[in-house]
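For clarity, every value in this text was computed on a predicted model and none was experimentally measured.
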Amino acid sequence: MAAGGGIDPIHQFHINPIVELKPFGLNLSFTNTSLWMVIVTAVVSAIMIYGSSQRSVVPGRLQSLAEMMYEFVASTLTGVMNKDGMKFFPFVFSLFMFVLASNLLGLLPGSFTVTSQIIVTAALAVLVMSVVLIYGIAKHGTHFFGLFVPSGVPGWLLPFVVLIEVVSFVSRPVSLSLRLFGNMLAGHIALKVFGGFVVALTTSAAAGLFTYAIAPLPLLLAVALTALEVLVAVLQAYVFAILTCVYLNDALHPGH
């Protein structure tokens, strides 16, 4: 809530230092964003380590979850890049699980959604495109740049097509980061606003019978939005993973 009792949907995204570290004038403070990235990493690691350590014929819940996540990412990789794509499995799996856990844990009351920070999603997107460039050039050399030169294009039109391809490639990390950031930001703002409406209606000094009668409406909408946010959290992790696979496929097969 903002000062004066108003609804402040942006307050939940503020980055606050927990341990201030400023060596040589550099701000390397441990913030709430850093804390929740550590928590996300710890939760994912615990689930996968414990789940994969169980070798039961009839799997338990964590083993089933670990196996389901493995099969899901593996099928996504092979569906886009065939079996050659499995060499990127650790990278794509780590990204998918980090984004998925960050999105879902961010829905818990009092938590912090690290994927609602553009700097986090931008760093992930730049990491993906860096892997694409480094692997593509290391594997194919100058042939990798054939990605920007489609075959069968007339010579007079080629400079314009190459320019379009380059701009499209450069815009990939922008769209990849903004898509995830925008969806998580908008959903949390909507939840905060409708949750604030419920509190404001039920605690109003002028609350009457009509006020209490309409109070459940934003509450019901908040519940529906929460369910939608869970769906969006899973969907955005999947979209991030499958787009990563598509971009990595260009590094494996740069020819048009």
Centroid-centroid distance, Y238 to F96, less than 6.0 Å: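 That pair fails the under 6.0 Å test.
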
Verdict with reasoning, R179 to L243, per side chain to side chain contact (heavy atoms under 4.5 Å, CB included): CA-CA 11 Å; R179 182 182 294 105; L243 286 177; 3.1 Å; yes

Co-membership, hydrophobic cluster, residues [X] and [Y], 4.5 Å side-chain:
{"X": "V246", "Y": "V131", "value": "yes"}
{"X": "V43", "Y": "I49", "value": "no"}
{"X": "V40", "Y": "V230", "value": "yes"}
{"X": "L178", "Y": "V170", "value": "yes"}
{"X": "L225", "Y": "L231", "value": "yes"}

Parallel, tilted or perpendicular, as decided by the 30° and 60° cut-offs, for the rings of F144 and F148: perpendicular

If you take all heavy atoms of [X] and [Y], which pair is closest and at what distance?
{"X": "V44", "Y": "A101", "result": "CG2-CB, 3.5 Å"}
{"X": "T33", "Y": "V114", "result": "O-CG1, 3.6 Å"}
{"X": "F181", "Y": "Q117", "result": "CD1-C, 4.0 Å"}
{"X": "N32", "Y": "H14", "result": "ND2-O, 3.1 Å"}
{"X": "Y135", "Y": "A251", "result": "CD2-CB, 3.9 Å"}
{"X": "L77", "Y": "F88", "result": "CD1-C, 4.2 Å"}

CA sep, side-chain torsions, deciding dist, call: T76, C245, side chain to side chain contact (heavy atoms under 4.5 Å, CB included): CA-CA 8 Å; T76 301; C245 293; 4.2 Å; yes

Distance (rounded to the nearest 0.5 Å) between [X] [atom1] and [Y] [atom2]:
{"X": "L35", "Y": "F30", "atom1": "CG", "atom2": "CZ", "answer": "5.0 Å"}
{"X": "I39", "Y": "S102", "atom1": "CD1", "atom2": "OG", "answer": "10.5 Å"}
{"X": "T244", "Y": "L176", "atom1": "OG1", "atom2": "CG", "answer": "5.5 Å"}
{"X": "T78", "Y": "F89", "atom1": "OG1", "atom2": "CZ", "answer": "10.5 Å"}
{"X": "L104", "Y": "T113", "atom1": "CG", "atom2": "OG1", "answer": "10.0 Å"}
{"X": "I47", "Y": "M69", "atom1": "CD1", "atom2": "CE", "answer": "9.5 Å"}

So do [Y] and [X] actually touch side chain to side chain, heavy atoms under 4.5 Å?
{"X": "T31", "Y": "I18", "result": "no"}
{"X": "F169", "Y": "D250", "result": "no"}
{"X": "Q236", "Y": "L100", "result": "no"}
{"X": "N103", "Y": "L107", "result": "no"}
{"X": "T121", "Y": "F240", "result": "no"}
{"X": "L248", "Y": "V92", "result": "yes"}
{"X": "F91", "Y": "V128", "result": "yes"}
{"X": "S29", "Y": "V19", "result": "no"}

Working for side chain to side chain contact (heavy atoms under 4.5 Å, CB included), residues M81 and M86: CA-CA 8 Å; M81 294 183 280; M86 286 302 291; over 6 Å; no

Please answer whether the main-chain N or O of [Y] pairs with a side-chain N or O of [X] as donor and acceptor at a distance below 3.5 Å.
{"X": "H140", "Y": "G136", "answer": "no"}
{"X": "S177", "Y": "A122", "answer": "no"}
{"X": "S45", "Y": "A42", "answer": "no"}

Check whether more than 12 heavy atoms from other residues, nucleotides or ligands sit under 6.0 Å from atom [atom1] of [X], and answer yes or no.
{"X": "K139", "atom1": "NZ", "value": "no"}
{"X": "Y50", "atom1": "OH", "value": "no"}
{"X": "I119", "atom1": "CD1", "value": "no"}

Chi angles and distances behind the side chain to side chain contact (heavy atoms under 4.5 Å, CB included) call for H253, D84: CA-CA 10 Å; H253 311 104; D84 292 342; 4.0 Å; yes

